[in-house]
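None of these values were measured; they are calculated from a predicted model.
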Amino acid sequence: MTLNIRVIAPDRTVWDANAEEVILPSSTGQLGILTGHIPLLTALDIGVMRVRIDKDWIPIVLMGGFAEIDNNKITILVNGAEETIDIDINLAQKNLEEATAKLTQAISTKDKIEATQNIRKARARLQAVITVN
């Protein structure tokens, strides 16, 4: 038995496949889902979702959202998502360095929040790419 996983961003369906297991970056920590999981609605944080198909783990970067688990179907609505094939490791590293520099220079609360979000996104991208390589 498998899980049907759909990741839907505002502009497209990012992922639609069956898998044996998924690990979600929920707002309270990592959440592992196997077949037969009880119905659940959870908030998702910026982070890496890992999907296991056969023995392979596939990382996908999620930019926050919600997941609904019901009857071996997982519907994930996100603000954005990226597959590792679309991520340039050098650009992600550069983005992390720039966001870190902006955080140290930030004066307003708005700038601090924005820089922190950009750091979290860049870290998630790097984590996903490093996992694959």
Side-chain angles (χ1 to χ4, degrees):
M1 188 172 258
T2 60
L3 298 165
N4 175 261
I5 303 167
R6 293 187 71 204
V7 177
I8 304 167
D11 59 341
R12 65 189 172 107
T13 298
V14 178
W15 182 270
D16 189 357
N18 291 325
E20 286 76 34
E21 182 178 0
V22 64
I23 299 173
L24 298 170
S26 81
S27 58
T28 58
Q30 291 190 338
L31 177 63
I33 307 293
L34 297 167
T35 57
H37 197 284
I38 62 168
L40 176 69
L41 180 62
T42 187
L44 298 177
D45 207 352
I46 295 170
V48 180
M49 173 180 82
R50 290 179 175 74
V51 179
R52 184 171 62 87
I53 299 175
D54 295 324
K55 294 182 180 182
D56 296 323
W57 285 94
I58 300 164
I60 299 172
V61 179
L62 304 181
M63 300 302 175
F66 294 91
E68 178 185 33
I69 296 102
D70 190 26
N71 199 24
N72 294 323
K73 293 181 183 178
I74 302 174
T75 303
I76 301 168
L77 304 175
V78 292
N79 300 323
E82 298 175 24
E83 295 183 73
T84 55
I85 195 166
D86 299 327
I87 300 171
D88 178 330
I89 191 168
N90 295 321
L91 182 60
Q93 182 65 45
K94 181 181 174 188
N95 289 342
L96 177 59
E97 292 166 4
E98 289 174 356
T100 303
K102 283 185 181 179
L103 180 60
T104 60
Q105 298 167 358
I107 296 171
S108 72
T109 302
K110 179 184 178 242
D111 289 343
K112 289 177 184 178
I113 291 170
E114 186 176 312
T116 301
Q117 289 295 88
N118 288 336
I119 287 171
R120 294 175 67 217
K121 290 175 184 179
R123 282 186 181 151
R125 288 181 184 112
L126 282 173
Q127 183 182 12
V129 173
I130 290 169
T131 301
V132 172
N133 294 333

Can Glu98 and Asn95 be said to form a side chain to side chain contact (heavy atoms under 4.5 Å, CB included), step by step?
CA-CA 5 Å; Glu98 289 174 356; Asn95 289 342; 4.0 Å; yes
Please list all pairs meeting side-chain hydrogen bond (donor to acceptor under 3.5 Å, both in side chains) that have one or both residues in residues 45-54, counting only residues at least two apart or in different chains.
Glu21-Arg52, Asp45-Arg120
Is there a side-chain contact between Ile60 and Val48 in this structure, where contact means two heavy atoms from C-beta onward sitting under 4.5 Å apart?
no
Looking at Gln30, I'd like to know if its CD atom is crowded, meaning that more than 12 non-hydrogen atoms belonging to other residues, nucleotides or ligands lie closer than 6.0 Å.
no
Taking a hydrophobic cluster as the set of Ile, Leu, Val, Met, Phe, Trp and Tyr residues connected by side-chain heavy atoms closer than 4.5 Å, whether directly or through intermediates, do Ile33 and Val14 fall within one such cluster?
yes
Begin with the C-alpha distance, continue with both residues' side-chain angles, and end with the deciding distance and a verdict on side chain to side chain contact (heavy atoms under 4.5 Å, CB included) for Leu96 and Arg123.
CA-CA 7 Å; Leu96 177 59; Arg123 282 186 181 151; 3.8 Å; yes
Any link between Leu40 and Leu3 through a network of hydrophobic side chains (Ile, Leu, Val, Met, Phe, Trp, Tyr) touching at under 4.5 Å?
yes
On a heavy-atom basis, the closest approach of Ile69 and Ile38 is CG2-O, 4.0 Å
Spacing of CG belonging to Leu103 relative to CD1 belonging to Ile113, to within rounding of 0.5 Å
11.0 Å
What's the separation between atom CG in Leu31 and atom OG1 in Thr42, rounded to the nearest 0.5 Å?
6.0 Å
All heavy atoms of Val7 vs all of Val78, minimum pair found to be CG1-CG2, 4.0 Å
Using the rule that two of Ile, Leu, Val, Met, Phe, Trp, Tyr join whenever any of their side-chain heavy atoms come within less than 4.5 Å, decide whether Ile23 and Ile53 are in one cluster.
no
Rounded to the nearest 0.5 Å, the CD1 atom of Ile87 sits from the CG atom of Leu126 at a distance of 8.5 Å
Please name the pair of heavy atoms, one in Ala115 and one in Lys102, separated by the smallest distance, quoted to 0.1 Å.
CB-C, 4.2 Å
Of all heavy-atom pairs between Ile76 and Leu44, which one has the smallest distance, and what is that distance?
CG2-CD1, 3.5 Å
Is there a donor-acceptor pair closer than 3.5 Å between any side-chain N or O of Thr13 and the backbone N or O of Trp15?
no
What distance do Asp16 atom CG and Ile5 atom CD1 have between them, rounded to the nearest 0.5 Å?
9.5 Å
Of all the heavy-atom pairs spanning Glu20 and Thr2, show the shortest one and how long it is.
OE2-CG2, 3.9 Å
Got a second to check how far Ile130's CD1 is from Thr84's OG1, nearest 0.5 Å?
12.0 Å
Atom OG in Ser26, atom CG in Leu62: separation rounded to 0.5 Å?
11.5 Å
Whether over 12 other heavy atoms sit under 6.0 Å from Ile107 CD1:
no
Please list all pairs meeting salt bridge (charged side-chain N to carboxylate O under 4.0 Å, His left out) that have one or both residues in residues 23-41, counting only residues at least two apart or in different chains.
none
State, yes or no, whether a side-chain contact exists between Ile74 and Arg6 at a heavy-atom distance under 4.5 Å.
no
Tell me whether Met49 shares a hydrophobic cluster with Ile8, the cluster being built from Ile, Leu, Val, Met, Phe, Trp, Tyr side chains joined at under 4.5 Å.
no
Heavy-atom pair of closest approach, residues Ala92 and Ala122
O-CB, 3.9 Å
Salt bridge (charged side-chain N to carboxylate O under 4.0 Å, His left out) contacts in which one or both residues fall within residues 64-86, not counting sequence neighbours:
Glu82-Arg125
